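Written out below as structure tokens is the structure these notes cover.
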Amino acid sequence: MDFPKRYKHQEAEPRIRRMWEEEGIYRYDPDSPLPCYSVDTPPPYVSSAHLHVGHAMSYSQAEFIVRYKRMRGYNVFYPMGFDDNGLPTERYVERKYKVDKSKISRREFIDLCLKETRIGARTYRDLWEALGISVDWSLTYSTIDERSRRTAQRSFLELARDGLVERRGEPILWCHRCATAIAQADVETLDVPTRLHDVAFLAGDGRHLVISTTRPELIPACVALYVHPEDGRYASLVGQQVEVPLFDYKVEVRTHRDVDPEFGTGLMMVCTWGDMDDVVKWREHGLDSRPVLDPRGRMNELAGPYAGLPIKKARQQIVEALDGAGLLAGGRPLDHKVGVHDRCKTPVEFNHSPQWFLRVLDFKDELLARGAELVWFPEFMKARYDDWVQGLKWDWCISRQRYYGVPFPVWYCVACDQPWLAPLETLPVDPAVDPVPEGASCACGGTELRPEEDVMDTWMTSSLTPLINARWAYDDEERMGAIYPQSIRVQAYEIIRTWLFYTVVKSHFHTRSLPWEAVMISGWGLDSEGRKMSKSLGNFVEPAPVIERYSADAVRYWAAGATLGSDRRFNEQDVADGKRLLTKLWNATRFVAGHLGHGEGEDPAAGEPTAADRWILSRLAATARAATDAFERYEYSHALQATERFFFSDFCDNYLEMVKERFWKPERFAPGRVAAARSTVRRVLLDVLKLFAPFLPYLTEELYQLVFRRPGEPVSIHVSRWPEWAEGAVDPEAEAAGQLLVELLTAARRWKTAHKVHANFPLERIVVSAGNDRRAAVEAVADDLKAAAHAAEVSLAGGGEVETGVPGVTLALTLAAEPATR
RNA sequence: AGGCCCGUAGCUCAGUUGGUUAGAGCGCUACGUUGACAUCGUAGAGGUCAGCGGUUCAAGUCCGCUCGGGCCUACCA
């Protein structure tokens with residue numbers, strides 16, 4: 001048999017990949033009678049060029065499960081998507097081409113986005129393919145393609161029809177850098193060292209009323225001062241007007257129970273809108289509005305001499321002016337947690353403008369119930385969902401003042417400003433370029449319409465991935481029935497509050513169901529110090545060179561080491577361990593292949609099995625069961641661990657040593673014994689390869705093709721059947737016998753080591769001493785012991801002096817010759 | 001401030017529903033091999049399972065508290 005001495009992954013992996021592609025083994029078959037296992041996998045942002053080994057880790061982990069399910073006989077529906085719309089892409093294009101939306105036309109900007117999108121998609125696909133991710137590329141979607149636009153627009157129209165989407169003007173979270181409204185989920189908090197300034201307001205009696213603020217630039221936006229209603233110090237001031245420092249107007253002193261009398265001086269400045277508290281009081285008490293910031297974050301004319309300044313500059317100058325006027329009473333540093341836009345880290349402000357909202361606040365209970373209905377792997381990740389839903393404060397703002405995204409299918413009546421919604425049959429539509437649909441007219445009678453210019457939040461589209469996959473927007477009932485709700489959503493934990501939550505929302509409203517039956521949450525790949533990988537920290541490990549050096553299988557091996565949902569540090573040593581496993585598998589198979597003969601040993605029941613054969617078959621069954629149980633719990637790492645332990649310890653260290661003699665000197669054994677060795681070793685090794693196949697798809701495929709595949713058998717190990725075991729295959733008696741055999745063999749090897757001879761050194765005889773209760777057991781393994789220890793004779797008698805791991809059983813050993821001394 | 005996760009050998013981590021003497025890989029030391037093995041085998045050193053208290057015949061595992069780390073959420077105007 002032509003079996004290369006070494007496995008060369010650089011050559012093998014691309015070749016095997018081509019074979020998979022030609023045979024189409026990962027293709028979804030809509031006509032298959034098999035049960036469907038459908039996967040909703042994250043469409044990565046293609047524009048960011050930020051892939052590191054952590055991404056390789058989480059995609060691999062999900063894929064272990066997919067491969068397992070495929071081998072269990074499921075008709076797998078596994079599409080990849082590319083998320084190429086929305087702010088991340090825009091931000092990337094702005095940075096790469098040094099443009100922003102004020103300097104370039106909408107059309108040119110979108111063209112750049114599309115261009116980057118295509119480049120990014122290619123990079124991503126190359127990596128997923130190299131890693132051996134078994135997606136069906138014919139099912140690929142992108143979040144800006146026609147199907148996704150139609151799906152997102154239809155979703156919008158149906159939600160609007162049902163009163164779940166509405167257009168309202170209110171203070172909304174706003175990013176000045178991106179010049180757009182954003183949603184609560186787009187905000188993250190950062191620690192920002194800042195300064196708390198004590199500023200004096202002037203009461204009518206000339207008294208200084210000192211308030212503490214981190215936002216002195218919002219003094220011109222001040223609309224009231226607040227005190228606690230029972231704070232005696234200020235009782236006489238309530239209802240009075242006080243002078244705003246530096247700015248020539250007055251505000252009223254009011255009361256609110258939220259004010260903490262212990263904080264600062266117990267006086268609180270309320271502005272047009274520095275934070276959520278300001279919004280609440282503004283709404284509750286009908287306060288005036290003094291918005292001082294324009295949409296780009298500059299002070300407007302209400303700021304008087306400071307008009308035109310950006311926030312930070314205005315703050316600095318106003319502080320100086322206060323100081324100069326003797327109105328700065330003090331200050332101290334403060335570690336402030338500031339809400340920032342997650343995409344650009346710009347502090348979030350409030351802006352009052354009309355936006356589209358999807359109502360979620362009224363449905364918290366229903367959404368929590370959906371979360372409880374979903375099966376979570378691991379279970380503890382559900383808490384993140386519950387916490388997020390319970391903490392929601394805003395309806396979902398879905399409109400963005402941006403260019404590159406799915407347009408709203410909306411026009412406005414020029415006469416009355418009411419929105420006019422495009423009919424379903426026109427979708428997808430882009431009001432910015434498409435003509436107004438024929439016959440469109442407003443309920444007020446107006447016929448002149450202007451297009452909506454905003455685009456949708458990117459999550460409006462990606463929250464529909466299960467419905468995009470199911471071709472919901474095309475009323476494809478066959479596809480819908482086959483794959484929806486999907487079997488599994490796979491993703492990492494940081495987007496539970498966004499992607500997972502929003503997808504649950506959409507499916508709840510559109511199909512009154514969950515989008516999937518279960519969700520599998522992966523952890524993060526961290527650097528060797530346990531830090532998050534990032535370009536700025538310089539701890540970014542790109543997957544491609546690691547794959548090149550150690551193979552994709554070895555990278556996957558590393559990824560499989562993280563238990564479900566937990567983070568894993570990246571160490572090259574772990575990948576090297578994976579490479580070592582590949583070498584060991586290669587060599588073990590090479591050895592076995594050399595002794596299988598041709599066409600022999602096909603029948604697992606052939607021959608006369610020895611105790612060793614029965615033992616390894618029982619261990620195999622136990623291992624397959626453990627791995628299968630683990631996979632059913634999505635604990636891929638436990639499945640690998642069980643398989644690896646069996647392979648190294650039971651199979652290589654012991655069983656192969658036990659059968660060597662039957663392979664080397666078959667003439668000394670009954671033919672049935674030799675046949676049993678061949679059939680058993682073939683059976684066990686094939687099943688071992690199958691148990692490893694989800695983790696090491698390339699190497700196991702190569703070995704399957706080299707040694708095991710026969711005409712009429714599956715074209716690939718990855719579409720072969722997962723190992724099964726018969727009732728009673730795990731045989732306690734066979735295990736006990738094997739255990740005894742291993743103990744005796746170990747004792748014999750230890751003795752040989754002590755006598756400075758190698759493990760295969762021939763023995764003239766082994767005399768086993770055992771009590772009556774163990775004699776029969778020893779006799780049952782004597783032949784295997786003789787072969788494994790390379791002894792000419794094994795007999796039972798008294799008087800052994802060599803201890804074994806079995807109480808009461810001792811050995812006496814005699815070398816067949818004097819060891820050569822050197 | 002609240003929630004979740006974590007703290008086990010020098011390093012990276014397993015330890016299922018509580019059950020002998022706490023494990024693996026790597027690393028380290030010694031010896032021996034290399035007739036599947038850019039290897040392998042055998043043996044060894046190395047652990048107050050973060051700490052304290054509780055439940056129990058029995059706790060790394062369950063409960064409470066403390067300390068330390070990470071993440072999430074909410075806040076100090």
Side-chain angles (χ1 to χ4, degrees), chain A residues 3 5-6 184 187-189 194 196-197 211-215 218 225-226 256 258-260 262-271 274-278 281 334-337 339 378-388 390-393 493-494 496-497 523-524 526 528 530-532 558 561-563 565-571 573-574 576-581 583-595 626 629-630 633 635 637-638 640-642 644-645 648-649 652-654 656-657 660 663-664 746-761 819:
Chain A
F3 203 119
K5 180 130 169 84
R6 301 240 183 85
Q184 187 180 349
V187 180
E188 63 179 41
T189 50
T194 183
L196 194 59
H197 302 276
I211 60 106
S212 298
T213 180
T214 56
R215 302 290 310 268
L218 291 184
L225 293 187
Y226 273 82
H256 200 288
D258 283 355
V259 180
D260 177 6
E262 304 296 319
F263 187 90
T265 57
L267 267 168
M268 178 182 186
M269 169 174 91
V270 168
C271 308
D275 60 24
M276 196 63 191
D277 277 347
D278 288 353
K281 294 183 182 62
L334 183 70
D335 260 335
H336 204 53
K337 300 243 192 275
E379 225 169 306
F380 66 79
M381 288 292 181
K382 176 175 179 287
R384 291 180 184 244
Y385 175 91
D386 291 343
D387 288 351
W388 178 253
Q390 278 156 3
L392 280 172
K393 290 203 162 133
Y493 50 73
E494 85 282 8
I496 287 174
R497 69 183 213 181
W524 281 24
L526 307 173
S528 57
R531 298 168 307 178
K532 194 174 158 182
W558 164 72
T563 49
S566 64
D567 298 339
R568 181 158 172 86
R569 298 178 182 202
F570 179 82
N571 287 300
Q573 180 59 47
D574 292 327
D577 287 349
K579 188 76 170 64
R580 174 175 152 268
L581 170 60
T583 305
K584 187 82 177 170
L585 260 172
W586 179 265
N587 287 320
T589 308
R590 188 163 155 266
F591 169 67
V592 167
H595 292 97
D629 288 350
R633 298 191 314 271
E635 284 284 7
S637 65
H638 295 174
L640 174 61
Q641 204 175 30
E644 208 181 344
R645 186 168 297 205
F648 267 98
S649 177
C652 290
D653 291 352
N654 288 308
L656 285 185
E657 296 303 323
K660 266 179 180 170
F663 286 161
W664 285 343
T746 301
R749 286 200 289 226
R750 191 179 304 151
W751 184 85
K752 285 183 179 181
T753 299
H755 288 74
K756 300 191 187 297
V757 297
H758 57 84
N760 292 339
F761 198 90

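Worth knowing before you read on, the calculation uses all heavy atoms, side chains too, and leaves out hydrogens, waters and symmetry mates. Chain identifiers are assigned alphabetically (A, B, ...) following the order of the sequence lines, protein sequences preceding nucleic acid strands; residue numbering begins at 1 within each chain. On a predicted model such as this, the values are computed, not experimentally measured, just so you know.
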Need the pair for B:U21. Rule: Watson-Crick or G-U wobble, both distances under 3.5 Å, any strand; none if unpaired. none
Side-chain atoms of A:Asp577 come closest, of B:C4, B:A36, B:C26, to B:C26
How far does the C1' atom of B:G47 sit from the matching atom of B:G35, given to the nearest Å? 41 Å
Given B:A36, is OP1 or OP2 found less than 4.0 Å from the side-chain N or O atoms of A:Lys660? yes
Please pick, from B:C71, B:U12, B:C5, the nucleotide with the shortest atom-to-atom distance to any side-chain atom of A:Asn571. B:U12
Phosphate OP1/OP2 of B:G25 contacted by A:Arg580 side-chain N/O (<4.0 Å): no
Tell me the interatomic distance from A:Asn760, atom CG, to B:U34, atom C1', rounded to whole angstroms. 10 Å
Check the pair A:Tyr226 / A:Asp258 against side chain to side chain contact (heavy atoms under 4.5 Å, CB included), numbers first and verdict last. CA-CA 9 Å; A:Tyr226 273 82; A:Asp258 283 355; over 6 Å; no
Within the structure, does a side-chain N or O atom of A:Trp751 lie under 4.0 Å from either OP1 or OP2 of B:C31? no
Answer with base, sugar-phosphate or nothing: what part of the nucleic acid does A:Lys752 contact at a heavy-atom distance below 4.0 Å? nothing
It should be established whether A:Gln184 places a side-chain nitrogen or oxygen under 4.0 Å from OP1 or OP2 of nucleotide B:A74. yes
Heavy atoms under 4.0 Å, any strand shown: does A:Asp629 hit a base, just sugar-phosphate, or nothing? nothing
What's the CD1-C1' distance between A:Ile496 and B:C5, to the nearest Å? 12 Å
Side chain of A:Asp653: nearest nucleotide among B:C71, B:C40, B:C13? B:C40
Distance, P atom - from B:G60 to B:G51, rounded to whole angstrom: 11 Å
When the P atoms of B:U61 and B:G2 are considered, how many whole Å apart are they? 24 Å
Would you call A:Asp275-A:Arg215 a salt bridge at under 4.0 Å N-O? no
Mate of B:G41 across any strand shown (Watson-Crick or G-U wobble, both atom pairs under 3.5 Å) is B:C31
note: A:Tyr385, atom OH; B:C72, atom P; distance rounded to Å ~ 20 Å
Write down the distance between CD (A:Glu657) and P (B:U34), rounded to a whole number of angstrom. 13 Å
Rounded at 0.5 Å granularity, tell me how far NZ in A:Lys579 sits from NZ in A:Lys584. 14.5 Å
Mind checking the P distance from B:C40 to B:A45? Whole angstroms is fine. 22 Å
Consider the side chain of A:Arg590, meaning its heavy atoms from C-beta on, and name the nucleotide among B:A14, B:A74, B:A36 that approaches it most closely. B:A36
Closer than 3.5 angstrom, by distance alone: can the side chain of A:Gln184 be matched with the main-chain N or O of A:Lys393 as a donor-acceptor pair? yes
Using Watson-Crick geometry (N1-N3 plus N6-O4 or O6-N4) or G-U wobble (N1-O2, O6-N3), each under 3.5 Å, B:C67 is paired with B:G7
Distance in angstrom units between A:Lys579 NZ and B:C26 P, rounded: 16 Å
Nearest to the A:Arg749 side chain among B:U42, B:A36, B:A77, which nucleotide is it? B:U42
Taken to the nearest whole Å, CH2/A:Trp558 to P/B:C26 is 20 Å
Verdict with supporting geometry, A:Gln573 and A:Asp577, side-chain hydrogen bond (donor to acceptor under 3.5 Å, both in side chains): CA-CA 6 Å; A:Gln573 180 59 47; A:Asp577 287 349; 3.0 Å; yes
A:Thr214 near the nucleic acid: base, sugar-phosphate alone, or nothing, with a heavy-atom cut-off under 4.0 Å? sugar-phosphate
Quote, to the nearest angstrom, the P distance that separates B:G46 from B:U29. 16 Å
For B:A74, which nucleotide is its Watson-Crick or G-U wobble mate, given both distances must be under 3.5 Å? none
Whole-angstrom distance between B:G15 and B:G25, as gauged at atom C1': 15 Å
The side chain of A:Met276 lies closest to which of these nucleotides: B:C75, B:A14, B:U12? B:C75
Exam field: side chain A:Asn571 to backbone A:Ser528, donor-acceptor pair closer than 3.5 Å: no
A:His336 side chain, from C-beta outward: closest of B:A14, B:A36, B:A77: B:A77
Treating A:Trp558 as the side-chain partner and A:Arg569 as the backbone partner, does any N or O pair qualify as donor plus acceptor under 3.5 Å? yes
Toward the 5' end of RNA chain B, by each residue's nearest nucleotide, A:Asp258 or A:Ala562: A:Ala562
A:Thr563 side chain, from C-beta outward: closest of B:A77, B:A36, B:A14: B:A14
Between B:G25 (P) and A:Arg645 (CZ): distance, integer Å: 8 Å
Both distances below 3.5 Å, Watson-Crick or wobble geometry, any strand: find the nucleotide opposite B:A58. none
Of the candidate nucleotides B:A36, B:A77, B:C75, which contains the atom at the shortest distance from the side chain of A:Lys393? B:C75
Using whole Å, report how far CZ of A:Arg569 lies from C1' of B:U12. 8 Å
Select one nucleotide: of B:A74, B:A14, B:A36, the one nearest the side-chain heavy atoms of A:Gln641. B:A14
Which whole number of Å gives the distance between the P atom of B:C6 and that of B:U42? 34 Å
Relative to the ring of A:Phe663, is the ring of A:His595 parallel (under 30°), tilted (30 to 60°) or perpendicular (over 60°)? parallel
Rounding to the closest angstrom, what is the interatomic distance between B:G68 and B:G27 at atom P? 36 Å
